[in-house]
Amino acid sequence: MIAALLSLALGIWALAAPGVLESESLLRVSEHVAGPVVVGISLASASPVLRRMRIVNLVPAACLLVVGFITFRAAGAAVNAIVVAALLGTLAGVSRQTEGHYGGGWRSVAPLRRSITRAERQGSHGG
Amino acid sequence: MPVQELPPGWATNPSAWPKRVALAALALAGLMISTYLTLYQVKLIGSVWDPAFPSGSPAVLSWTKPVPDAAFGVGAYAAEIVLSFIGNAGRWRSRPWPPVAFGAVAAIAAVTSVILMISQPVAVGHWCTLCLASAGISLVVFAWGIDEPLAALQHVARVSSSRRSLWRALRGGRAGSLERQPSAAR
(Lines give C-alpha, C1' and ligand atoms only; values in the text may rest on other atoms or scores of the structure.)
Protein backbone atom coordinates (compact mmCIF):
# COMPACT_ATOMS: atom_id res chain seq x y z
CA MET A 1 0.00 0.00 0.00
CA ILE A 2 2.83 2.41 0.87
CA ALA A 3 4.51 1.72 -2.49
CA ALA A 4 1.21 2.46 -4.27
CA LEU A 5 0.79 5.72 -2.36
CA LEU A 6 4.39 6.76 -3.10
CA SER A 7 3.81 5.97 -6.80
CA LEU A 8 0.62 8.04 -6.64
CA ALA A 9 2.60 10.97 -5.20
CA LEU A 10 5.19 10.59 -7.98
CA GLY A 11 2.38 10.60 -10.57
CA ILE A 12 0.95 13.81 -9.13
CA TRP A 13 4.45 15.33 -9.10
CA ALA A 14 4.94 14.30 -12.75
CA LEU A 15 1.75 16.22 -13.55
CA ALA A 16 2.92 19.33 -11.72
CA ALA A 17 6.63 19.22 -12.60
CA PRO A 18 6.42 20.75 -16.13
CA GLY A 19 4.84 23.88 -14.65
CA VAL A 20 7.22 24.06 -11.69
CA LEU A 21 10.46 23.20 -13.54
CA GLU A 22 9.47 24.73 -16.91
CA SER A 23 10.26 21.56 -18.87
CA GLU A 24 10.81 21.79 -22.62
CA SER A 25 8.01 20.66 -24.92
CA LEU A 26 8.86 16.95 -25.45
CA LEU A 27 9.51 16.39 -21.76
CA ARG A 28 6.45 18.46 -20.85
CA VAL A 29 4.15 16.30 -22.99
CA SER A 30 5.77 13.10 -21.70
CA GLU A 31 5.22 14.12 -18.09
CA HIS A 32 1.66 15.26 -18.79
CA VAL A 33 0.89 11.86 -20.36
CA ALA A 34 2.86 9.73 -17.88
CA GLY A 35 1.51 11.54 -14.79
CA PRO A 36 -2.19 10.63 -15.19
CA VAL A 37 -1.29 7.08 -16.24
CA VAL A 38 0.84 6.66 -13.11
CA VAL A 39 -1.91 8.18 -10.94
CA GLY A 40 -4.50 5.79 -12.41
CA ILE A 41 -2.32 2.69 -12.16
CA SER A 42 -1.14 3.54 -8.64
CA LEU A 43 -4.67 4.06 -7.35
CA ALA A 44 -5.82 0.84 -9.01
CA SER A 45 -2.88 -1.13 -7.61
CA ALA A 46 -3.74 0.14 -4.11
CA SER A 47 -6.67 -2.28 -4.35
CA PRO A 48 -5.56 -5.72 -3.05
CA VAL A 49 -7.20 -7.49 -5.99
CA LEU A 50 -5.32 -5.35 -8.53
CA ARG A 51 -1.98 -5.12 -6.73
CA ARG A 52 -0.12 -6.74 -9.65
CA MET A 53 -1.10 -3.82 -11.88
CA ARG A 54 1.81 -1.91 -10.30
CA ILE A 55 4.03 -3.55 -12.95
CA VAL A 56 2.25 -1.46 -15.62
CA ASN A 57 3.92 1.62 -14.08
CA LEU A 58 7.13 0.39 -15.74
CA VAL A 59 5.76 1.64 -19.09
CA PRO A 60 5.41 5.35 -18.15
CA ALA A 61 8.64 5.02 -16.13
CA ALA A 62 10.48 3.77 -19.24
CA CYS A 63 9.01 6.61 -21.34
CA LEU A 64 10.13 9.22 -18.79
CA LEU A 65 13.58 7.65 -18.61
CA VAL A 66 14.07 7.69 -22.39
CA VAL A 67 12.75 11.24 -22.82
CA GLY A 68 14.80 12.36 -19.81
CA PHE A 69 17.99 11.16 -21.50
CA ILE A 70 16.96 12.61 -24.89
CA THR A 71 16.34 16.05 -23.38
CA PHE A 72 19.26 15.87 -20.96
CA ARG A 73 20.54 19.34 -21.92
CA ALA A 74 17.51 20.81 -20.10
CA ALA A 75 19.30 19.75 -16.94
CA GLY A 76 16.94 20.25 -13.98
CA ALA A 77 13.72 19.04 -15.59
CA ALA A 78 15.43 16.10 -17.33
CA VAL A 79 17.19 14.97 -14.16
CA ASN A 80 13.85 15.20 -12.37
CA ALA A 81 12.23 12.97 -15.02
CA ILE A 82 15.04 10.42 -14.75
CA VAL A 83 14.82 10.34 -10.96
CA VAL A 84 11.02 10.00 -11.07
CA ALA A 85 11.35 7.19 -13.62
CA ALA A 86 13.92 5.36 -11.48
CA LEU A 87 11.76 5.66 -8.36
CA LEU A 88 8.66 4.51 -10.26
CA GLY A 89 10.56 1.53 -11.64
CA THR A 90 11.76 0.60 -8.15
CA LEU A 91 8.30 0.95 -6.62
CA ALA A 92 6.76 -1.14 -9.44
CA GLY A 93 8.96 -4.00 -8.29
CA VAL A 94 7.96 -3.81 -4.64
CA SER A 95 5.67 -6.77 -3.94
CA ARG A 96 3.31 -6.60 -1.04
CA GLN A 97 1.72 -9.09 1.28
CA THR A 98 -2.06 -8.84 1.48
CA GLU A 99 -3.98 -9.55 4.64
CA GLY A 100 -7.05 -10.91 2.89
CA HIS A 101 -7.70 -13.80 0.54
CA TYR A 102 -9.49 -13.31 -2.72
CA GLY A 103 -10.56 -16.76 -3.88
CA GLY A 104 -7.77 -17.22 -6.40
CA GLY A 105 -8.03 -13.69 -7.83
CA TRP A 106 -8.59 -13.00 -11.52
CA ARG A 107 -7.17 -16.36 -12.60
CA SER A 108 -10.22 -18.09 -11.16
CA VAL A 109 -12.40 -16.12 -13.58
CA ALA A 110 -10.69 -17.82 -16.56
CA PRO A 111 -13.35 -20.59 -16.94
CA LEU A 112 -15.79 -17.79 -17.71
CA ARG A 113 -14.05 -17.14 -21.02
CA ARG A 114 -14.68 -20.74 -22.10
CA SER A 115 -18.33 -20.44 -21.04
CA ILE A 116 -18.78 -17.24 -23.05
CA THR A 117 -17.24 -18.91 -26.12
CA ARG A 118 -19.52 -21.91 -25.61
CA ALA A 119 -22.58 -19.65 -25.23
CA GLU A 120 -21.63 -17.73 -28.37
CA ARG A 121 -21.17 -20.99 -30.28
CA GLN A 122 -24.56 -22.26 -29.13
CA GLY A 123 -26.08 -18.89 -30.03
CA SER A 124 -24.66 -18.96 -33.56
CA HIS A 125 -25.82 -22.56 -34.08
CA GLY A 126 -29.24 -21.72 -32.69
CA GLY A 127 -29.66 -18.52 -34.72
CA MET B 1 -21.47 -11.74 9.40
CA PRO B 2 -22.99 -15.07 8.33
CA VAL B 3 -20.28 -17.35 6.92
CA GLN B 4 -22.42 -18.01 3.82
CA GLU B 5 -22.06 -14.37 2.79
CA LEU B 6 -18.30 -14.76 2.30
CA PRO B 7 -17.29 -15.79 -1.21
CA PRO B 8 -15.26 -19.05 -1.17
CA GLY B 9 -11.63 -18.25 -0.38
CA TRP B 10 -12.37 -14.68 0.75
CA ALA B 11 -11.78 -13.23 4.22
CA THR B 12 -14.31 -10.40 3.86
CA ASN B 13 -17.66 -9.90 2.18
CA PRO B 14 -17.15 -7.53 -0.78
CA SER B 15 -20.91 -6.91 -0.96
CA ALA B 16 -21.17 -5.64 2.63
CA TRP B 17 -23.48 -2.66 3.00
CA PRO B 18 -21.09 -0.20 4.75
CA LYS B 19 -18.68 -0.32 1.83
CA ARG B 20 -21.42 -0.06 -0.78
CA VAL B 21 -22.94 2.95 0.99
CA ALA B 22 -19.50 4.60 1.19
CA LEU B 23 -18.96 3.98 -2.54
CA ALA B 24 -22.40 5.42 -3.30
CA ALA B 25 -21.54 8.50 -1.18
CA LEU B 26 -18.32 8.98 -3.18
CA ALA B 27 -20.25 8.58 -6.43
CA LEU B 28 -22.80 11.11 -5.15
CA ALA B 29 -19.97 13.64 -4.64
CA GLY B 30 -18.85 12.95 -8.22
CA LEU B 31 -22.44 13.27 -9.43
CA MET B 32 -22.78 16.69 -7.79
CA ILE B 33 -19.51 17.91 -9.34
CA SER B 34 -20.32 16.64 -12.83
CA THR B 35 -23.89 18.00 -12.64
CA TYR B 36 -22.48 21.43 -11.77
CA LEU B 37 -20.02 21.24 -14.68
CA THR B 38 -22.79 20.07 -17.03
CA LEU B 39 -24.98 23.02 -16.01
CA TYR B 40 -22.10 25.32 -16.95
CA GLN B 41 -21.54 23.54 -20.26
CA VAL B 42 -25.21 23.84 -21.27
CA LYS B 43 -25.11 27.52 -20.18
CA LEU B 44 -27.66 27.20 -17.38
CA ILE B 45 -25.10 28.91 -15.12
CA GLY B 46 -22.86 31.70 -16.32
CA SER B 47 -19.58 31.03 -14.50
CA VAL B 48 -17.75 28.08 -12.99
CA TRP B 49 -16.01 28.04 -9.61
CA ASP B 50 -12.34 27.08 -9.68
CA PRO B 51 -10.08 28.00 -6.76
CA ALA B 52 -6.79 26.93 -8.38
CA PHE B 53 -7.18 27.60 -12.13
CA PRO B 54 -9.87 30.31 -12.53
CA SER B 55 -9.12 30.85 -16.23
CA GLY B 56 -8.45 27.16 -16.90
CA SER B 57 -11.90 25.70 -16.21
CA PRO B 58 -13.77 27.72 -18.90
CA ALA B 59 -11.14 26.70 -21.47
CA VAL B 60 -11.28 23.02 -20.53
CA LEU B 61 -15.08 22.94 -20.33
CA SER B 62 -15.53 24.59 -23.72
CA TRP B 63 -13.08 22.20 -25.40
CA THR B 64 -15.74 19.62 -26.33
CA LYS B 65 -18.30 22.21 -27.46
CA PRO B 66 -21.13 21.65 -28.35
CA VAL B 67 -21.03 18.27 -26.55
CA PRO B 68 -21.40 18.65 -22.76
CA ASP B 69 -18.97 15.83 -21.89
CA ALA B 70 -19.57 16.29 -18.16
CA ALA B 71 -23.03 14.81 -18.79
CA PHE B 72 -21.37 11.44 -19.43
CA GLY B 73 -19.94 11.73 -15.91
CA VAL B 74 -23.44 12.43 -14.57
CA GLY B 75 -24.68 9.25 -16.26
CA ALA B 76 -21.78 7.13 -14.98
CA TYR B 77 -22.05 8.35 -11.38
CA ALA B 78 -25.84 7.96 -11.40
CA ALA B 79 -25.46 4.40 -12.70
CA GLU B 80 -22.88 3.63 -9.98
CA ILE B 81 -25.22 4.95 -7.26
CA VAL B 82 -28.20 2.95 -8.54
CA LEU B 83 -26.11 -0.22 -8.98
CA SER B 84 -24.69 0.17 -5.45
CA PHE B 85 -28.14 -0.20 -3.96
CA ILE B 86 -29.43 -3.16 -6.00
CA GLY B 87 -29.32 -6.50 -4.19
CA ASN B 88 -28.67 -7.69 -0.66
CA ALA B 89 -25.46 -8.24 1.32
CA GLY B 90 -24.89 -11.52 -0.50
CA ARG B 91 -25.49 -10.19 -4.00
CA TRP B 92 -22.11 -11.35 -5.32
CA ARG B 93 -23.93 -14.72 -5.40
CA SER B 94 -27.66 -14.02 -5.22
CA ARG B 95 -27.62 -11.38 -7.98
CA PRO B 96 -24.19 -11.06 -9.63
CA TRP B 97 -25.16 -8.75 -12.49
CA PRO B 98 -25.27 -5.48 -10.48
CA PRO B 99 -21.67 -5.91 -9.17
CA VAL B 100 -20.48 -6.89 -12.66
CA ALA B 101 -22.28 -3.91 -14.22
CA PHE B 102 -20.89 -1.65 -11.47
CA GLY B 103 -17.37 -2.89 -12.23
CA ALA B 104 -17.84 -2.26 -15.97
CA VAL B 105 -19.14 1.29 -15.42
CA ALA B 106 -16.40 2.05 -12.88
CA ALA B 107 -13.67 0.67 -15.18
CA ILE B 108 -14.89 2.71 -18.18
CA ALA B 109 -15.14 5.82 -15.97
CA ALA B 110 -11.61 5.26 -14.63
CA VAL B 111 -10.06 4.88 -18.10
CA THR B 112 -12.00 7.93 -19.33
CA SER B 113 -10.77 9.90 -16.31
CA VAL B 114 -7.14 9.14 -17.14
CA ILE B 115 -7.71 10.19 -20.78
CA LEU B 116 -9.39 13.43 -19.66
CA MET B 117 -6.55 14.13 -17.21
CA ILE B 118 -4.09 13.75 -20.09
CA SER B 119 -6.15 15.88 -22.48
CA GLN B 120 -6.35 18.88 -20.13
CA PRO B 121 -2.67 19.91 -20.29
CA VAL B 122 -1.80 18.27 -23.63
CA ALA B 123 -4.78 19.19 -25.84
CA VAL B 124 -6.27 22.22 -24.08
CA GLY B 125 -3.20 23.58 -22.28
CA HIS B 126 -5.15 24.35 -19.11
CA TRP B 127 -6.24 22.65 -15.91
CA CYS B 128 -9.69 22.42 -14.36
CA THR B 129 -9.80 21.74 -10.60
CA LEU B 130 -13.31 20.26 -10.46
CA CYS B 131 -12.60 18.08 -13.52
CA LEU B 132 -9.51 16.73 -11.73
CA ALA B 133 -11.56 16.15 -8.56
CA SER B 134 -14.17 14.24 -10.55
CA ALA B 135 -11.46 12.16 -12.24
CA GLY B 136 -9.92 11.40 -8.84
CA ILE B 137 -13.29 10.26 -7.48
CA SER B 138 -13.80 7.96 -10.48
CA LEU B 139 -10.39 6.38 -9.91
CA VAL B 140 -10.99 5.88 -6.17
CA VAL B 141 -14.45 4.36 -6.79
CA PHE B 142 -12.88 1.92 -9.27
CA ALA B 143 -9.96 0.97 -7.02
CA TRP B 144 -12.14 0.56 -3.93
CA GLY B 145 -15.07 -1.18 -5.58
CA ILE B 146 -13.40 -3.60 -7.99
CA ASP B 147 -13.23 -6.49 -5.50
CA GLU B 148 -16.99 -7.06 -5.57
CA PRO B 149 -17.16 -7.54 -9.37
CA LEU B 150 -14.28 -10.01 -8.99
CA ALA B 151 -16.21 -12.04 -6.39
CA ALA B 152 -19.33 -11.94 -8.60
CA LEU B 153 -17.38 -13.03 -11.69
CA GLN B 154 -15.73 -15.86 -9.72
CA HIS B 155 -19.22 -17.05 -8.73
CA VAL B 156 -20.49 -16.79 -12.32
CA ALA B 157 -17.41 -18.71 -13.51
CA ARG B 158 -18.04 -21.48 -10.96
CA VAL B 159 -21.72 -21.74 -11.91
CA SER B 160 -21.15 -21.64 -15.67
CA SER B 161 -18.27 -24.14 -15.50
CA SER B 162 -20.75 -26.63 -14.01
CA ARG B 163 -22.52 -26.48 -17.42
CA ARG B 164 -25.26 -24.16 -16.19
CA SER B 165 -26.43 -21.18 -18.22
CA LEU B 166 -24.08 -18.21 -18.11
CA TRP B 167 -26.97 -15.76 -18.30
CA ARG B 168 -28.89 -17.46 -15.51
CA ALA B 169 -25.72 -17.36 -13.42
CA LEU B 170 -25.39 -13.62 -14.05
CA ARG B 171 -29.04 -12.99 -13.31
CA GLY B 172 -28.79 -14.86 -10.03
CA GLY B 173 -31.56 -16.47 -8.03
CA ARG B 174 -31.95 -20.21 -7.46
CA ALA B 175 -31.48 -21.10 -11.10
CA GLY B 176 -28.07 -19.49 -11.16
CA SER B 177 -26.77 -20.69 -7.83
CA LEU B 178 -24.54 -23.55 -6.81
CA GLU B 179 -24.70 -23.06 -3.08
CA ARG B 180 -27.50 -22.77 -0.57
CA GLN B 181 -28.93 -19.25 -0.47
CA PRO B 182 -27.66 -17.24 2.53
CA SER B 183 -30.08 -16.57 5.34
CA ALA B 184 -29.81 -12.84 4.72
CA ALA B 185 -30.88 -13.21 1.09
CA ARG B 186 -34.29 -11.89 0.18
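First the proteins, then the strands, lettered A, B, ... as listed; each starts at 1.
- In B/Y36, the OH atom is crowded: over 12 heavy atoms of neighbouring residues, nucleotides or ligands sit closer than 6.0 Å.
- In the hydrophobic clustering of ILVMFWY residues, with side-chain heavy atoms under 4.5 Å counting as a link, B/W49 and B/L44 come out together.
- In the hydrophobic clustering of ILVMFWY residues, with side-chain heavy atoms under 4.5 Å counting as a link, A/L88 and A/I2 come out together.
- Ranked by non-hydrogen atom pairs under 4.5 Å with chain B, the options A/P36, A/A34, A/G105 are led by A/P36.
- Heavy-atom proximity under 4.5 angstrom to chain A picks out B/V114, B/M117, B/I118, B/P121, B/V122, B/W127 from residues 100-133 of chain B.
- Applying the salt bridge (Lys or Arg N to Asp or Glu O under 4.0 Å) rule to B/R91 yields the partners B/E148; only residues at least two apart in sequence or on another chain are considered.
- Using a 4.5 Å cut-off between side-chain heavy atoms of Ile, Leu, Val, Met, Phe, Trp and Tyr, with links allowed through other members, A/F69 and A/L58 fall into different hydrophobic clusters.
- Cluster annotation: A/L10 and A/L6 are assigned to the same hydrophobic cluster (Ile/Leu/Val/Met/Phe/Trp/Tyr, side-chain heavy-atom contacts under 4.5 Å, transitive).
- For the set B/L150, B/V140, B/L153, the entry with the most heavy-atom pairs within less than 4.5 Å of chain A is B/L150.
- In terms of heavy-atom proximity, A/A44 sits nearest to B/A143 at CA-CB, 4.0 Å.
- With sequence neighbours excluded, the residues that form a ring-ring contact (aromatic ring centres under 6.0 Å, His included) with B/W10 are A/Y102.
- For A/L43, the parts lying near chain B are the backbone and the side chain together; criterion is any non-hydrogen pair under 4.5 Å.
- Here the shortest heavy-atom pairing between A/S108 and B/A157 reads O-CB, 3.8 Å.
- Under the side-chain contact (heavy atoms from CB on, under 4.5 Å) criterion, B/I81 pairs with B/A27, B/L28, B/L31, B/F85, not counting sequence neighbours.
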